[in-house]
Amino acid sequence: MSQSVIRSIVQTFACRPKRIRPDSRISSSQATTVPATDSTRGDEGSMASGCCGNGGSESLGPLHAMDAPKEKILYVLCLQSPENENTKSGYIATVDADPESNKYGQVIHRLHTDDPQDELHHFGWNSCVSCKNPAIKRRYLIVPALRTGNIYIVDTIKPSEPSLHKTISGSSVQSRFKITYPHTVHCIPSGEVMISYMGDYRGNAKGSFLLLDGETFEPKGLWNQGNEQLMGYDFWYQPRHNVMVSSEFGAPKSFMKGFHVGDVAKGLYGTKLHFWNWEQRTLINSLQLPADGAIPLEIRFLHNPESAVGFVGCALGSTVYLVYKGEGETWEAKKVITVPPKTVENWVFPSMPSLITDILVSLDDKFLYFANFVHGDVRQYNITDPENPVLVSSVFLGGSICKGGSVNVTEDAELTEQPDRPSLKGVSLQGAPNMLQLSRDGKRLYVTFSLVTPWDLQFYPEACKQGSGMVVLDCSDAGMKLNEDFFVNLGGEPDGPVRGHEVRYPGGDCSSDIWL
C-alpha cells in the first residue's frame with residue numbers, strides 16, 4: 001500500500017459530523033422495555049429476566065458499585081516468551097493488589113492451562129452484576145484460548161488460589177459449530193455465557209457468538225443464525241434499547257501472522273460495526289465506517305442502562321467513534337477523537353499512527369481511557385459531553401518514540417520532545433501499553449503490555465524476550481500519574497519472562513459488568 005494511502009487512514013477528515021439529538025444520550029422515554037420471555041428461543045429462557053449476579057449494592061447500579069470494597073487481588077492472563085511458548089503453557093497469574101500487604105505487586109499464584117499453543121487473550125465472568133438469582137454466583141472465570149479455542153472454566157471459590165474446574169476442547173467446538181478464535185466473554189441476563197468468535201475452521205473471517213450453559217458450561221449453540229457475512233471481535237449489549245453492537249478485527253489467517261498493511265487493501269481487516277436486535281438475535285444493520293475507522297476494536301457503552309451512547313476505538317485510523325441512536329431510531333456513528341500521526345525517521349513508514357487498542361469507560365460515565373500501542377501513551381478524556389471529549393491527561397509508558405530508541409520524531413502535533421522511557425523499581429518498561437482495567441471507584445487504572453504474540457514480536461521483540469510488566473496509574477479529575485509503588489515484574493517470573501494481557505477483579509470491573 002502506498003504511503004499516501006497510509007496517510008489517508010490516519011488523517012483527520014474535515015467534514016462536519018451530524019449533531020446528535022440530546023435525548024439520545026440518556027433518555028428513558030426512548031428506552032425499549034425487554035419482554036419477560038424470549039420470543040425466538042423460548043426453550044432457552046428469557047434474555048431479560050434471567051439472573052446471573054451476586055446481588056448486593058453493586059446490583060443497584062454503576063454509581064453504587066463505585067462504593068464497593070477496593071480490589072485486593074487481580075487476575076492477569078500471561079503469555080510465554082517465544083523461547084518457551086512451545087513447551088510451557090500460559091497461565092492466570094493472581095496478583096496481590098493490597099497496599100497493606102507485604103506481597104503488594106507480586107504474583108502469589110499461577111494456574112497454568114493445558115496446552116502451550118493456547119495463546120491466552122481475553123476472559124470474563126460466568127455471572128453479571130444485574131441479576132438476582134442466588135443460585136448463580138460470580139465464581140467462575142471463563143477463559144477461552146485464542147489459538148486452540150480451548151475454553152477453561154476456572155473456579156475462584158478460593159480467590160487467591162483459583163483452580164481448573166473444567167476444560168472444553170476447542171476442537172470439539174470447531175467440529176460442532178465451525179468456528180475458531182474466540183475473543184470476548186460476557187455473561188448475559190439469561191444466565192448463559194456468550195463468547196464472540198472471529199474465524200471459521202480455515203482461519204477466514206467469520207463473526208459468531210457461542211452460548212455456554214450457565215451451570216454446566218457446556219456449549220448450547222450459536223446466539224446468532226450463523227449465516228451472517230461479517231467479521232467478529234468485541235460486543236456490548238444494551239437491553240433497554242434492544243440492541244447489541246459488535247465490532248471487527250479481521251481474518252485470523254492474516255492478523256495471526258503479524259500486521260501487513262497490504263492485507264488492509266485486500267479486505268482482510270474490519271471496517272464495520274454491526275447492530276443486532278437483542279431480543280430476536282438478528283442482524284439489523286452493518287455500518288461501514290470511513291477510512292479512518294479502520295479496524296474498530298473494543299466497543300464500550302456508557303454504564304447508565306438507559307444510555308444510547310457508546311464508543312469504539314479504531315486501531316489503524318487512531319480514532320474513537322461515538323455510537324448513538326440517531327433520527328428514526330437508527331444507529332449511527334461519528335468520529336469524536338483523532339490522535340494525530342507523528343512524522344518519523346527509522347520506522348517502517350514516515351507517518352506513524354498511534355494504534356488505539358483497549359478503551360474503557362469509568363463507572364460514573366465521566367471518563368474514557370484508551371491506550372496507544374505504537375505511540376506508547378495512555379489517555380484520559382472527560383466525556384460528560386460525549387460529542388466533545390476533552391483530553392485531561394496523557395502518560396507515556398513506553399512505545400516506539402521514547403528517547404534512546406531508533407525512531408526519530410521529526411514532526412509532532414502534540415509533543416515538543418520525545419518522551420523518556422519510564423522505569424520502576426530499577427526495571428525499564430518494555431513494550432507499550434495495550435490492555436486497561438479501571439478500579440470500580442475510578443481511582444486506579446491497571447495497565448498491561450501485550451497485544452497478541454505476532455504483533456508483540458513485530459513491534460516490540462525485546463519485550464517478548466525480556467518480558468513485560470503491569471503498572472497502575474492513579475486517576476483523578478485532574479489527570480493520571482504513574483504509581484511508583486506498584487509494579488508487577490513479569491520479566492522475573494520463575495519459569496522465564498512472560499507478558500500480561502487482560503485483567504479482571506473478583507468483584508467485577510468496568511468492562512465486564514452491564515447493568516440492565
Side-chain angles (χ1 to χ4, degrees), residues 71 74-80 90-95 97 107 119-125 141-146 182-186 196 233-234 236 247 249 255 295-300 311-315 320 354-362 367-380 395-399 429-439 444-456 459-460 463-464 467-473 475 480 482-483 486-491 498-505 508-513:
E71 68 286 350
L74 314 171
Y75 301 120
V76 187
L77 297 185
C78 293
L79 295 84
Q80 294 286 351
Y91 53 88
I92 303 167
T94 305
V95 173
V107 176
E119 179 88 21
L120 300 182
H121 196 61
H122 281 217
F123 63 146
W125 289 100
L141 285 167
I142 315 301
V143 189
L146 188 64
H183 191 263
T184 299
V185 176
H186 275 304
S196 64
Y233 187 71
D234 195 24
W236 192 279
S247 59
F249 186 4
F255 65 70
I295 313 185
L297 295 180
E298 311 295 344
I299 176 79
R300 310 285 188 231
F311 296 89
V312 61
C314 302
V320 174
S354 75
L355 200 73
I356 295 174
T357 49
D358 197 18
I359 71 170
L360 56 80
V361 175
S362 60
F367 294 107
L368 172 75
Y369 297 86
F370 65 77
N372 290 312
F373 186 68
V374 173
H375 286 180
D377 62 318
V378 174
R379 298 193 175 205
Q380 175 193 31
V395 177
F396 274 84
L397 298 175
L429 296 184
Q430 296 297 316
N434 178 60
M435 293 302 295
L436 310 174
Q437 193 54 266
L438 186 66
S439 61
R444 294 165 301 283
L445 183 68
Y446 296 92
V447 185
T448 57
F449 291 72
S450 173
L451 198 162
V452 64
T453 294
W455 293 49
D456 292 348
F459 289 97
Y460 302 109
C464 294
S468 61
M470 179 167 67
V471 303
V472 64
L473 297 174
C475 303
M480 303 179 294
L482 181 62
N483 184 323
F486 180 91
F487 176 57
V488 184
N489 182 12
L490 296 176
V498 298
R499 307 175 322 278
H501 195 71
E502 191 161 47
V503 179
R504 293 291 182 203
Y505 314 141
D509 51 66
C510 292
S511 59
S512 62
D513 288 321

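Index from 1, following the sequence.
With hydrogens and angles disregarded, no donor-acceptor distance shorter than 3.5 Å links the side chain of Arg444 to the backbone of Cys475. Looking at Asp509, its side chain never comes within 3.5 Å of a backbone N or O of Arg504 through a donor-acceptor pair. Within the 3.5 Å criterion, the main-chain N or O of Ser196 finds no donor-acceptor partner in the side chain of Thr184. A distance-only check finds no donor-acceptor pair linking the side chain of Asp456 to the backbone of Cys464 [under 3.5 Å]. A donor-acceptor pair under 3.5 Å links the side-chain atoms of His501 to the main chain of Ser450, judged by distance alone. For the pair Ser512 (side chain) and Gly124 (backbone), a donor-acceptor distance under 3.5 Å is absent.
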Side chain to side chain contact (heavy atoms under 4.5 Å, CB included) between Ile142 and Phe123: does it pass, once the steps are laid out? CA-CA 6 Å; Ile142 315 301; Phe123 63 146; over 6 Å; no
Working for side chain to side chain donor-acceptor pair (under 3.5 Å), residues Glu298 and Tyr233: CA-CA 8 Å; Glu298 311 295 344; Tyr233 187 71; 2.9 Å; yes
Working note: Ser247 + Asp234, criterion side chain to side chain donor-acceptor pair (under 3.5 Å); need CA distance, chi angles, decisive distance, verdict. CA-CA 5 Å; Ser247 59; Asp234 195 24; 5.1 Å; no
Please step through side chain to side chain contact (heavy atoms under 4.5 Å, CB included) for the pair Val488 and Val76, ending with a clear verdict. CA-CA 11 Å; Val488 184; Val76 187; over 6 Å; no
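Closest approach of Tyr505 and Gln437 over heavy atoms only: OH-O, 3.2 Å. Nearest heavy atom pair, residue Ser439 against residue Cys510, reads O-SG, 3.9 Å. The nearest pair of heavy atoms linking Ala93 to Val107 is CB-CG1, 3.9 Å. Smallest separation of non-hydrogen atoms from Gly90 and Leu120: C-CD1, 3.9 Å. Contact between Ser354 and His375 at its shortest, heavy atoms only, is CB-ND1, 3.3 Å. Heavy-atom minimum distance, Val378 versus Met480: O-CE, 3.2 Å.
Arg499 pairs with exactly one of Asn434, Thr448, Thr453 by the side chain to side chain donor-acceptor pair (under 3.5 Å) rule, that one being Thr453.
Counting only heavy atoms from C-beta outward, the side chains of Phe449 and Gln430 never approach each other to under 4.5 Å. No side-chain heavy atom of Leu445 sits under 4.5 Å from any side-chain heavy atom of Phe367. Between Tyr75 and Val503, every side-chain heavy-atom pair lies at or beyond the 4.5 Å cut-off. Looking only at side-chain heavy atoms (C-beta outward), Val143 and Leu77 come within less than 4.5 Å of each other. Proximity of Leu360 to Met435: side-chain heavy atoms (C-beta onward) are nowhere separated by under 4.5 Å. Two residues are said to be in side-chain contact when any heavy atoms from C-beta on lie closer than 4.5 Å; Val95 and Phe486 meet this criterion. In this structure, Val312 and Val320 have side chains that are not in contact, with every pair of non-hydrogen atoms separated by 4.5 Å or more.
The line from OH of Tyr446 to CG of Leu438 is 9.5 Å long, rounded to the nearest 0.5 Å. Distance check, rounded to the nearest 0.5 Å: CD1 of Ile299 to CZ of Phe311 gives 9.5 Å. One distance of note links CG of Leu436 with CZ of Arg379; it measures 13.0 Å at 0.5 Å rounding. Separating the CZ atom in Phe396 from the CG atom in Asn372 is a distance of 7.5 Å, to the nearest 0.5 Å. In this structure, Thr357 OG1 and Ile295 CD1 are separated by 11.5 Å, a value rounded to the nearest 0.5 Å. Asn489 CG to Leu429 CG: the interatomic distance, rounded to the nearest 0.5 Å, is 9.5 Å.
The aromatic rings of Trp236 and His186 sit perpendicular, their planes meeting at an angle over 60°, well past the 30° parallel limit. Note on ring orientation: taking the six-membered ring where Trp is involved, the planes of Tyr460 and Phe373 are perpendicular (angle over 60°, cut-offs 30° and 60°).
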